Amino acid sequence: MENINNEELDFSYYINIIFKRFWLIVGFVALGLVAAVLVNVFMRPAYKATALMMINQEDAGKIGASPYGSFTSEEDYYRTQYKLLESRSLLEKVYRNLELGQYEEFANPGGVKKLENALSIEPITRSRLVNVSAVTYDPRLSAQIANTLSKTFVAENVSNRISMGQDVIAALENTERSPEEQELLNSMPQVVNSDFIKSLKQQAAQLTGEQARLSAKYTDQHPDLQSVRQQLRAINNQINQETRRLVQSIKIELSGQFSGNNVRIVDSAVVPEKPVRPRKLLNLAIGLLAGGLLGLGIVFVLEFLDQSVKSSEDLEEKLNLPFLGFVPYEKPKKKETEYATLLKEGNFLIAENVRNVRTMLDFALSNDHNAPILITSSLQGEGKSHLSVNLLVAMAQAGKKVLVVDGDLRRSRLHKAFRLSPEKGLSNIWDANPQKADYAANVQAVKDVPNLFVMTAGQRPPNPAELLNTPKLADFIAWAQKNYDQLVVDCPAILPVSDTLLWGKYIPRAVFVIKYGQTNAKLAKIALDKLQKAGIKVLGAVIGHYKPEGLSYGKYGYYKSYSYYSEDKK
């Protein structure tokens, strides 16, 4: 079961990556489609004409069976023929005969090479047929080239056979007239295997023996000896006549063989009506596929290079932080507050996510639910104050008496979010005037949120770090904890200034805010290291400004986080 679950998670992970940047993939698919359309529009049409030839292998048992030598196998023979069809000498003849130099696509230099590139020799499997094709911009020229090449090859094959036949026949005739080569004729297979010549030679051998016996007994004038000699001459004349007859039949047979042809044109090429290029549908399919694959590749490369934090898995793997939840962002309508959604009746996704963060924060605080906490981030503009505003409203709605302090004395914002006066605030507690420095006097109630009280930053002091590094701050925190159920300080970002670390001397717990898809994991880790060195415990991280993407985000992300809270609660 564990392996199955892991496979499902991996599959879901890759689907999420695709859906997160789905429109990027769509863009590349559209780009591929546009490129294919442009290719179809601007590519010059090319036409292909094909002639069909049949090449028969010659009988290897016949004398002079091939003008190109002997072949060990049928495959070697046909391979040789195909190479001859592409030979430069044959292409040069076609080039000259058709005067291809006058055509732009075959103009010199390199005209014959261009012709070679325009041709294709395509044997048909398990047959003696071969397609000879030519592709040019002119349909008529394509047919002319294919037909001329086929005819020239057939003519050359006939010419080579006739030429070789004439050489063989001339050699036979010369052998026949030459007495010293008569013995060579007698050794020819047709002569040696002749039964008639064999019987004549047997008779000649017997007469030769009889002649020798009589010569030993009688003189040359003896009638018996002369009779034997006369019979022997007659037999030898018969042998010579039969040998000449066989040689003559060989010449006639060779003449017939060499005058024939084993190559012929089955179908001549016809002028094509439709171009073979561009193949519009194929180009469109290739454009769509290439665009999609390129888009997918770039999406996965971007995901690999992306150092931002976008999910609970990123928090655990890159920052080793507990996940407290997502907080979406919706720009408030005119005249509405940032927390208006939490005040509305009904189940709104943003409100539910904020309440989930509140629940998770209660779990993180364990038994000390009223402990003061800091809210901070690594850099400015990561949605920290937006989270503080909504989270504090949710806390107040849970029945707690909550005090939120704008701890950013440099760039205060809470007075705008809650629409409060900036004249009263934190900076006043260091004032020499006791009435102005009174803690309670600088706290303002939020009218539309019961139980929620705010101490704004007040007037910006010239030396914020020095003020925060005084015992006055500890006294104020002790007062706030005594008079309120929950104290939350909205601190500035960690990396620009050290104010958060000064607050951490008295409030050693913090919530870390991540901006979805923009907070750099490396910078966040640097900020977290500073908190750790200052002795501040990070209770967990909230991913703010998140956007519904893929299968693990949006509503699915909400339910995923909701089940996560439920498991922790159990």
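Every heavy atom of this structure was used, including side-chain atoms; hydrogens, water molecules and symmetry mates were not. Values in this document were obtained by computation on a predicted structure and should not be read as measured data.
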ask   = Is it the case that Asn131 and Thr50 place a side-chain donor and acceptor less than 3.5 Å from each other?
value =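 No, no side-chain donor-acceptor pair sits under 3.5 Å.
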query = Going by distance alone, is a donor N or O of one side chain under 3.5 Å from an acceptor N or O of the other, for Thr519 and Glu382?
reply =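 Yes, side-chain donor-acceptor contact under 3.5 Å.
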Do you know the tightest heavy-atom contact between [X] and [Y]?
| X | Y | answer |
| --- | --- | --- |
| Glu86 | Leu91 | O-CD1, 3.8 Å |
| Asn469 | Lys505 | OD1-NZ, 2.7 Å |
| Pro328 | His386 | O-NE2, 3.7 Å |

query = Under the criterion side chain to side chain contact (heavy atoms under 4.5 Å, CB included), which of Val276, Leu281, Leu282 is the partner of Arg279?
reply =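 Of the listed residues Val276, Leu281, Leu282, the side chain to side chain contact (heavy atoms under 4.5 Å, CB included) partner of Arg279 is Leu282.
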task = Would you mind telling me which of Thr337, Thr341, Leu342 makes a side chain to side chain contact (heavy atoms under 4.5 Å, CB included) with Val393?
result = Leu342
ring-ring contact (aromatic ring centres under 6.0 Å, His included) partners of residues 458-488, not counting sequence neighbours, each pair once =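 For residues 458-488, and leaving out neighbouring residues, the ring-ring contact (aromatic ring centres under 6.0 Å, His included) pairs sorted by first residue read Tyr439-Phe476, Tyr439-Trp479, Phe453-Tyr484, Trp479-Tyr484.
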Donor-acceptor under 3.5 Å ([X] side chain, [Y] main chain):
| X | Y | value |
| --- | --- | --- |
| Lys318 | Ser308 | yes |
| Gln486 | Ala371 | yes |
| Thr500 | Pro492 | yes |
| Lys537 | Pro508 | no |
| Arg358 | Ala394 | yes |
| Asp406 | Arg413 | yes |

key: Glu122/Lys48 salt bridge by N-O under 4.0 Å criterion   =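 Salt bridge between Lys48 and Glu122, a charged N being under 4.0 Å from a carboxylate O: yes.
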task = Identify whether the distance between the nearest side-chain nitrogen and carboxylate oxygen of Glu105 and Arg44 falls below 4.0 Å.
result = no
inquiry  = Can you list everything that forms a side chain to side chain contact (heavy atoms under 4.5 Å, CB included) with Ala527? Sequence neighbours excluded, please.
reply    = Ser378, Ile494, Leu495, Phe512
request  = Step through the shown structure and confirm whether more than 12 heavy atoms of other residues, nucleotides or ligands are within 6.0 Å of NZ on Lys280.
outcome  =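 Not buried by this count: 12 neighbours or fewer within 6.0 Å.
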